[in-house]
Amino acid sequence: MVCADELGPVIPRTIPPAPGWSPDGHRIKNEIDYSRGPEKTWVYGALRPRDGQAVTMTATSRNSAFYQQFLQLVEDADPAGDIYVITDNLSSHNSVSTRTWLEDHPRIKHVFIPVGACWLNLQEGWWRIFRKTALAARSFADPSHITHATRRGRPAAASPAAGNPGPPGPESALRCEGLRARLRR
């Protein structure tokens, strides 16, 4: 089982530093760029709660073709057994082309969460940690910098070396409490 979702758009934006103080002693303010240019980047992510493993991918659009590429990465990361993908009912998740693609990949089965209940998807909590570790307080000059941050910035909670060695055992309550503490930060 994996929980999957999309994050974005993440927009490349550089914020130049203020050059200093004005002649009359006031701080110089920069105009904030609120535009959404053509360089939007979407981050696709899947979290496997069993062991904390995560798969991420960046794309220039949120559509069926990129979603199918993402599902291929998820399938490659979990080579044995059925894969139940818990996700929302975005049109690209249930499009004709995605359903046709899934016919050739019988291991992958969709489980759609109810409309308006995104909090049921564990990926949402993981996104919060991800944004803090990979994206927060950073300025990206172009989409390749976002892709680099996505690859390097996976949260420690998604790493087996960080204390998520496998299926829940007696210590799972402690791990859950640790994840709850991280989510509260």
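These numbers come from the heavy atoms of this one structure, side chains and all, not from hydrogens, waters or symmetry mates.
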**Q** Can you confirm whether Trp119 sits close enough to Glu124 that some side-chain heavy atom of one is under 4.5 Å from a side-chain heavy atom of the other?
**A**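 No, their side chains stay 4.5 Å or more apart.
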
**Q** Tell me, do Trp42 and Thr60 make a side-chain contact under 4.5 Å, heavy atoms counted?
**A**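 No, their side chains stay 4.5 Å or more apart.
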
**Q** What is the distance from atom CG of Asp82 to atom CD1 of Ile108, rounded to the nearest 0.5 Å?
**A**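 Taking CG in Asp82 and CD1 in Ile108, the distance rounds to 10.0 Å.
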
**Q** Compare every heavy atom of Val74 with every heavy atom of Ala46, then report the nearest pair and how far apart it is.
**A**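 It is CB-CG2, 3.8 Å.
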
**Q** So, do His105 and Leu71 sit near enough that their side-chain heavy atoms are less than 4.5 Å apart?
**A**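 They are not in side-chain contact.
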
**Q** To the nearest 0.5 Å, what is the distance between CZ (Arg48) and SG (Cys3)?
**A**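 So the gap between those two atoms works out to 12.0 Å.
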
**Q** Any link between Tyr44 and Ile86 through a network of hydrophobic side chains (Ile, Leu, Val, Met, Phe, Trp, Tyr) touching at under 4.5 Å?
**A**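 Cluster IDs for Tyr44 and Ile86 differ.
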
**Q** What pair of heavy atoms forms the shortest contact from Asp5 to Gln123, and how long is it?
**A**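 Result for this residue pair: CB-CG, 3.6 Å.
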
**Q** Do you know the tightest heavy-atom contact between Val85 and Ala4?
**A**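 Taking Val85 first and Ala4 second, the nearest heavy atoms are CG1-CB, 3.8 Å.
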
**Q** Once you round to the nearest 0.5 Å, how far does CG of Asp88 lie from CG of Leu120?
**A**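 So the CG of Asp88 and the CG of Leu120 are separated by 11.5 Å.
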
**Q** State plainly whether one hydrophobic cluster holds both Ile146 and Trp127, where clusters connect Ile, Leu, Val, Met, Phe, Trp and Tyr through side-chain heavy atoms under 4.5 angstrom apart.
**A**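 Same cluster: Ile146 reaches Trp127 through Ile, Leu, Val, Met, Phe, Trp or Tyr contacts under 4.5 Å.
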
**Q** Is it true that Tyr84 and Val55 fall in one hydrophobic cluster, defined by side-chain heavy atoms closer than 4.5 Å?
**A**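 No, no single cluster joins them.
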
**Q** Give a yes or no on whether the backbone of Ser92 and the side-chain of Arg62 come within a donor-acceptor separation of less than 3.5 Å.
**A**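 No; zero donor-acceptor contacts below 3.5 Å.
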
**Q** Less than 4.5 Å apart, any side-chain heavy atom of Leu90 and any of Tyr67?
**A**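 No - every pair of side-chain heavy atoms lies 4.5 Å or more apart.
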
**Q** With rounding to the nearest 0.5 Å, note down the distance linking CG in Leu102 to CD in Gln68.
**A**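 Atom-to-atom, Leu102:CG and Gln68:CD are 7.5 Å apart.
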
**Q** Are Leu135 and Leu47 in one and the same hydrophobic cluster, where Ile, Leu, Val, Met, Phe, Trp and Tyr link if side-chain heavy atoms are under 4.5 Å apart?
**A**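 Linked, Leu135 and Leu47 end up in one cluster.
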
**Q** Under 4.5 Å between any side-chain heavy atoms of Glu6 and His93, yes or no?
**A**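 Yes - at least one pair of side-chain heavy atoms lies under 4.5 Å apart.
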
**Q** Measuring from Thr56:OG1 to Leu73:CG, what's the distance to the nearest 0.5 Å?
**A**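 Thr56 OG1 to Leu73 CG: 9.0 Å, rounded to 0.5 Å.
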
**Q** Measure the CZ-CH2 distance between Arg131 and Trp126 for me, rounded to the nearest 0.5 Å.
**A**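 Here the interatomic distance stands at 10.5 Å.
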
**Q** Can you check whether Asn94's main-chain N or O pairs, donor with acceptor, with Thr98's side chain at less than 3.5 Å?
**A**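 Not confirmed, Thr98 side chain does not pair with Asn94 backbone.
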
**Q** Any chain of hydrophobic side-chain contacts (each under 4.5 Å) joining Met1 to Ile83?
**A**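 Per the 4.5 Å side-chain linkage, Met1 and Ile83 are not co-clustered.
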
